[in-house]
Amino acid sequence: MIDKTFQIDIHAPIDRVWAELFKKGIPHHAMFGTYLNGNLSPGETITYRSRSGSHTFVLGKVLEVEVPRRLVHTFRFSMQKDEPTLVEWNLESRGASTRVIVNHSRFEGQTKTYKSVETSWPKILGLYKILIETSKVPAGTKFGNAMMMAMTFMLPKTTRTQNALKLNLDAPRQE
């Protein structure tokens with residue numbers, strides 16, 4: 001099994017960082033303009049969906065929550081056949097700043113999911129830093145997210161929410 005860890009320091013208090021990372025009803029510009037759906041309670045399903053809710057891109061099952069310090073959930077792309085992986089969000093207060101550490105694990109080799117998140121997490125965390133510290137969404141991010149959402153009709157049927165919610169969300173057991 002492969003693990004990858006990513007981290008960034010954000011100049012903002014831990015409560016503000018948590019609120020931005022796990023907000024609902026507002027687009028997550030750092031997560032490609034998707035909307036977080038679901039309750040952050042153990043056993044609950046969470047998804048990142050299109051604004052209309054018609055397409056689900058990422059889904060998982062919440063395993064642990066300790067607001068505002070830790071969230072652990074399984075992770076699965078709706079358009080990949082890869083087994084679910086595990087994401088651990090850990091936030092550490094560091095004076096006026098917060099360190100965000102994301103450990104993404106349980107990759108069974110260099111799968112499509114692994115290759116995607118290996119490059120995506122640094123960009124996502126960097127965008128969260130910009131968004132939280134400046135309260136501004138870069139123009140290129142706005143444009144890219146709008147284009148992605150406009151093209152949802154071209155996505156595989158597996159991304160349709162009714163299909164995505166049928167996927168297995170349990171991460172394989174670590175040996």
Side-chain angles (χ1 to χ4, degrees), residues 1-6 14-91 100-109 111-121 123-125 127-128 131-132 145 148-149 151-175:
M1 298 268 183
I2 301 173
D3 291 14
K4 291 293 286 185
T5 300
F6 308 90
I14 195 169
D15 290 329
R16 184 164 162 227
V17 174
W18 179 274
E20 180 66 28
L21 292 175
F22 306 113
K23 66 187 178 184
K24 294 185 198 169
I26 300 170
H28 283 254
H29 294 289
M31 298 285 269
F32 311 100
T34 59
Y35 288 71
L36 177 61
N37 186 283
N39 293 319
L40 297 182
S41 300
E44 296 289 327
T45 297
I46 57 170
T47 61
Y48 284 91
R49 296 182 180 177
S50 61
R51 181 178 184 152
S52 68
S54 63
H55 289 77
T56 295
F57 307 102
V58 173
L59 61 164
K61 185 185 291 183
V62 177
L63 303 175
E64 280 181 56
V65 181
E66 184 188 325
V67 178
R69 303 194 183 293
R70 183 169 166 79
L71 174 67
V72 180
H73 60 87
T74 60
F75 179 100
R76 185 159 189 185
F77 282 125
S78 61
M79 62 188 87
Q80 301 296 346
K81 293 181 180 181
D82 298 343
E83 290 295 316
T85 54
L86 188 71
V87 174
E88 299 173 62
W89 295 84
N90 290 290
L91 281 66
V100 178
I101 303 163
V102 175
N103 186 54
H104 199 145
S105 62
R106 298 186 180 167
F107 295 102
E108 294 185 6
T111 61
K112 288 181 181 182
T113 298
Y114 174 85
K115 290 174 185 174
S116 178
V117 302
E118 183 178 38
T119 57
S120 296
W121 276 122
K123 292 175 188 173
I124 290 167
L125 293 176
L127 277 171
Y128 272 125
L131 294 168
I132 294 167
N145 292 349
M148 185 178 129
M149 291 302 160
M151 298 299 176
T152 56
F153 70 93
M154 297 175 66
L155 292 171
K157 290 179 184 177
T158 57
T159 64
R160 292 185 189 152
T161 295
Q162 70 268 20
N163 296 331
L165 292 176
K166 296 175 186 173
L167 294 171
N168 174 21
L169 299 180
D170 294 318
R173 300 276 183 235
Q174 207 167 12
E175 297 176 15

Please table the atom pairs, donor to acceptor, closer than 3.5 Å between any side-chain atom in residues 38-48 and protein atoms at least two apart or in another chain.
unit_1	atom_1	unit_2	atom_2	d
Asn39	OD1	Lys24	NZ	3.4
Thr47	OG1	Arg49	NE	3.0

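- Among pairs with a residue in residues 26-37, those fulfilling side chain to side chain donor-acceptor pair (under 3.5 Å) read His28-Tyr128, at least two apart in sequence or across chains.
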Query raised in the report: Does the pair Thr161 and Thr56 meet the rule for a side chain to side chain donor-acceptor pair (under 3.5 Å), with working shown?
Result: CA-CA 5 Å; Thr161 295; Thr56 295; 2.8 Å; yes
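- Considering only residues two or more places apart in sequence or on other chains, Phe107 meets the ring pair (Phe, Tyr, Trp, His ring centres under 6.0 Å) condition with His104, Tyr114.
- Here the closest non-hydrogen pair linking Met79 and Phe57 is CE-CD2, 4.2 Å.
- The backbone N or O of Ser54 lies less than 3.5 Å from no partner atom in the side chain of Arg160, so there is not a single donor-acceptor pair.
- Side-chain N or O atoms of Thr159 include one that pairs as donor or acceptor with a backbone N or O of Pro156 at under 3.5 Å.
- The salt bridge (Lys or Arg N to Asp or Glu O under 4.0 Å) test applied to Lys81 returns no partner, not counting sequence neighbours.
- Taking the side chain as every heavy atom from C-beta outward, Asp170 and Lys61 approach each other to under 4.5 Å.
- Rounding to the nearest 0.5 Å gives a distance of 5.0 Å between CD of Glu20 and CD1 of Ile132.
- Under the rule for a side chain to side chain donor-acceptor pair (under 3.5 Å), Arg16 has no partner lying at least two apart in sequence or in another chain.
- Arg70 places no side-chain N or O within 3.5 Å of a backbone atom of Glu64 that could act as its donor or acceptor partner.
- Side chain of Thr158 to backbone of Ser78: a donor-acceptor contact under 3.5 angstrom is found.
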Report task. Please test Phe75 against Val117 for side-chain contact (heavy atoms from CB on, under 4.5 Å), starting from the C-alpha separation and ending with a verdict. Result -> CA-CA 11 Å; Phe75 179 100; Val117 302; 4.1 Å; yes
**Report entry** Step-by-step side-chain contact (heavy atoms from CB on, under 4.5 Å) determination, Asn90 to Asn103
**Finding:** CA-CA 8 Å; Asn90 290 290; Asn103 186 54; 5.6 Å; no
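- Evaluation of the salt bridge (Lys or Arg N to Asp or Glu O under 4.0 Å) rule for Lys4 yields Glu118 as partners, not counting sequence neighbours.
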Query raised in the report: Given Thr74 and Leu63, is the side-chain contact (heavy atoms from CB on, under 4.5 Å) satisfied, shown in steps?
Result: CA-CA 7 Å; Thr74 60; Leu63 303 175; 4.2 Å; yes
Report task. I would like to know whether Leu36 and Lys23 meet side-chain contact (heavy atoms from CB on, under 4.5 Å); could you show each step before the answer? Result -> CA-CA 7 Å; Leu36 177 61; Lys23 66 187 178 184; over 6 Å; no
